[in-house]
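Below, chain A is the first sequence line, B the second, and so on; all start at residue 1.
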Amino acid sequence: MHGHRHRWPGFADLTRCCVDPTRRAVPDPPRATPGLRPEPGGLTEMTAPAEDKTPYRFGPTTLVAELHEGYAQLEDGEETGVEVTVAGRLMLRRDQGKLAFGVLADQTGRIQLFAPQASTPDFDGFTSLHIGDWLGVTGEVIKTRRGELSVRVGSWVRLAEARLPFPDKWHGISDPDTRFRQRYVDLWVTDEARRVFTQRSRAVSLMRRWLEEQDFIEVETPVFHPIPGGAAANPFTTHHNALDLDLYLRIAPELYLKRLIVGGFERVFEIARVFRNEGLSTRHNPEFTMLELYQAYADYGDIMVLVEELVAHLAQELLGTTSVVYDGRELDLSAPWRRATMFDLLEEHSGLRVDMDTPRSELVGYCEERGIPVEGHHGVGKLILELYEKTTEAELWGPVFVTDYPKEVSPLARDHRTSPGLVERFEGIVAGREICNAFSELVDPDEQRARFGAQEADRAAGDDEAMVVDEDYLRALEYGLPPTGGLGIGVDRLVMLLGGVSAIRDVILFPTLRPEQG
RNA sequence: GCGCCUCUAGCUCAAUUGGCAGAGCAUCGGACUCUUAAUCCGCAGGUUCCGGGUUCGAGUCCCGGGGGGCGUACCA
């Protein structure tokens, strides 16, 4: 994840934009009583255990980023007369006899503490603070003679002790495993980690706001599914004792969201944690986040426009540009994206011209030539998809919408209005990776029942990821699903793309790991 | 699942053909009033991932196990 560090704004630059402007305290006049002590009249002193001297609350007036914004123009050695209160962790300390320097980090950045013995209360205590201790400091904003913006310590209080030593101040943590297990430390010592997760939070927030502006409403559907559906994947199982009921953790929210379209919520979305019982890799975590949305009266063409606009919007807001560099290669996310059929793209990249009338035996031959395993229940559609995925998908730098998938591999998508055997489905491919999957939704209950039936047959033939019939979903369709466009976006992978990182574990705060010590 | 690599002090890393397990940072003690990974002096810090084996002697070689990484497979 360190490959493109130079491209990204620094710690303070990046986080600056998350600062709530209503919290500004600089360069406003100082607060009447900057609170180094608990508010008077509280129960603090009565209830505090004798051995715990740390306060119960603290009132910083200023974020570090605001100091850097507000006082960038100070001359070396200039004093402002402005008193501020900041809080954070002590990340470095440099003692120099009767003068000590510290570096305090809060959520928004780092600021130097300037502590002369003559004016610092309990100077010995200050110089015996540990790296990692939480600290509250009130003092004047100054710039040192050597030009470092600082808070001259007028008073200070330790807010929490770091009993465990922090990692090497220069090298940080290098063992990825330790970084994931002790993310609470990683976030302090790896600027890149904090940058990425801050960015993730903003991306999700922007996504939500943008969808709401398009009149989508956010909903929450069950995580416990009596029948796992909406995707082809192995579910996790669990059990409810009182009902004596086996349940599955959802592999997709799709079928519930479409029930809501039936219910008359015409534009819905869910930012859904989903769970798939599969292997782990650089691009797979067993629990991950999908944005799914459904829009009544829309088809997959409308959804393509929505995706390219949404992604371009996120890039523009997050990075200030739709032109990003990923894996060292240029990537232009601005709309419109190229649209091409799976068949055309397959031909471009493999030279194979096939269609739904190509004999199965011929396709089996192409697969075998390329070492792609073929199973007995694979039909023409599945074989074409395999050929495309193995020869073409990773080569697509994109962004490109790959359209018109075989019906056989798309049991929830609506028949193509002009091409028999195909459905109106597309995937968005960016940097060789699928970031979304969408279709004109299948609305016909009889056709849906037939598709489920084909899935059952696949299951019987040994495909344990094939879908299971969901009678209630069919009943919902019988009440009438209007024309609907649906979309699923892998939020984690999108954040990877926008953040320029290549491992999904770098965008998931606490990725799934084997428990420590085994 | 398979293949390759890796695991040494709290952190980052050394240790010659198999020959007394070391340094920097952090911690602890001391010096220092403008440092920027401050600097300088000193103390302490170890089940070398675990268990076997070979050897006079194993961090090092062999076998087994465990953790992790990468690749591959799986993955709509």
Collect all protein-nucleotide pairs involving nucleotides 38-46 of chain B in which both atoms are nitrogen or oxygen and the distance is under 3.5 Å.
| residue | atom | partner | partner atom | Å |
| --- | --- | --- | --- | --- |
| B/A38 | OP1 | A/K169 | NZ | 2.4 |
| B/A38 | OP2 | A/R94 | NH1 | 2.9 |
| B/A38 | N7 | A/D95 | O | 3.3 |
| B/A38 | N6 | A/D95 | O | 3.0 |

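- In the set B/U33, B/U36, B/C28, B/U33 carries the atom at the smallest distance from any side-chain atom of A/L99.
- Of the possible polar contacts, none joining the A/H130 side chain to the A/L164 backbone as a donor-acceptor pair under 3.5 Å is found.
- Residue-to-nucleotide contacts include no donor-acceptor pair under 3.5 Å from the side chain of A/D168 to the base of B/G10.
- Partners of A/D470 under the side-chain hydrogen bond (donor to acceptor under 3.5 Å, both in side chains) rule, at least two apart in sequence or in another chain, are A/R259.
- Nucleotide B/C2 is matched to B/G71 when pairs are restricted to Watson-Crick or G-U wobble geometry with both distances under 3.5 angstrom.
- Pairing partner, B/C61: B/G53, with both Watson-Crick or wobble hydrogen-bond distances short of 3.5 Å.
- Put simply, A/S174 has a side-chain N or O that comes within less than 4.0 Å of OP1 or OP2 on B/U12.
- Remark: B/U36 base-pairs with no nucleotide; criterion is Watson-Crick or G-U wobble with both hydrogen-bond distances under 3.5 Å.
- A side-chain donor-acceptor contact under 3.5 Å links A/Y326 to the backbone of A/V501.
- The environment of CD in A/Q73 is sparse: at most 12 heavy-atom neighbours from other residues, nucleotides or ligands sit within 6.0 Å.
- Rounded to whole angstrom, the span from the NZ atom of A/K98 across to the P atom of B/U33 amounts to 5 Å.
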Could you go through nucleotides 71-74 of chain B and list every protein N or O atom that sits under 3.5 Å from one of its N or O atoms, giving the distance for each pair?
| residue | atom | partner | partner atom | Å |
| --- | --- | --- | --- | --- |
| B/G71 | OP2 | A/T282 | OG1 | 3.2 |

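- Distances from the side chain of A/R514 to the nucleotides B/U12, B/A76, B/G67 place B/G67 closest.
- Exactly one of A/R417, A/K407, A/R414 qualifies for a salt bridge (Lys or Arg N to Asp or Glu O under 4.0 Å) with A/E424. That residue is A/R417.
- At the heavy-atom level, A/L164 lies nowhere under 4.0 Å from the strands shown.
- Pair assignment for B/C25: B/G10, on the basis of Watson-Crick or G-U wobble contacts that are both within less than 3.5 Å.
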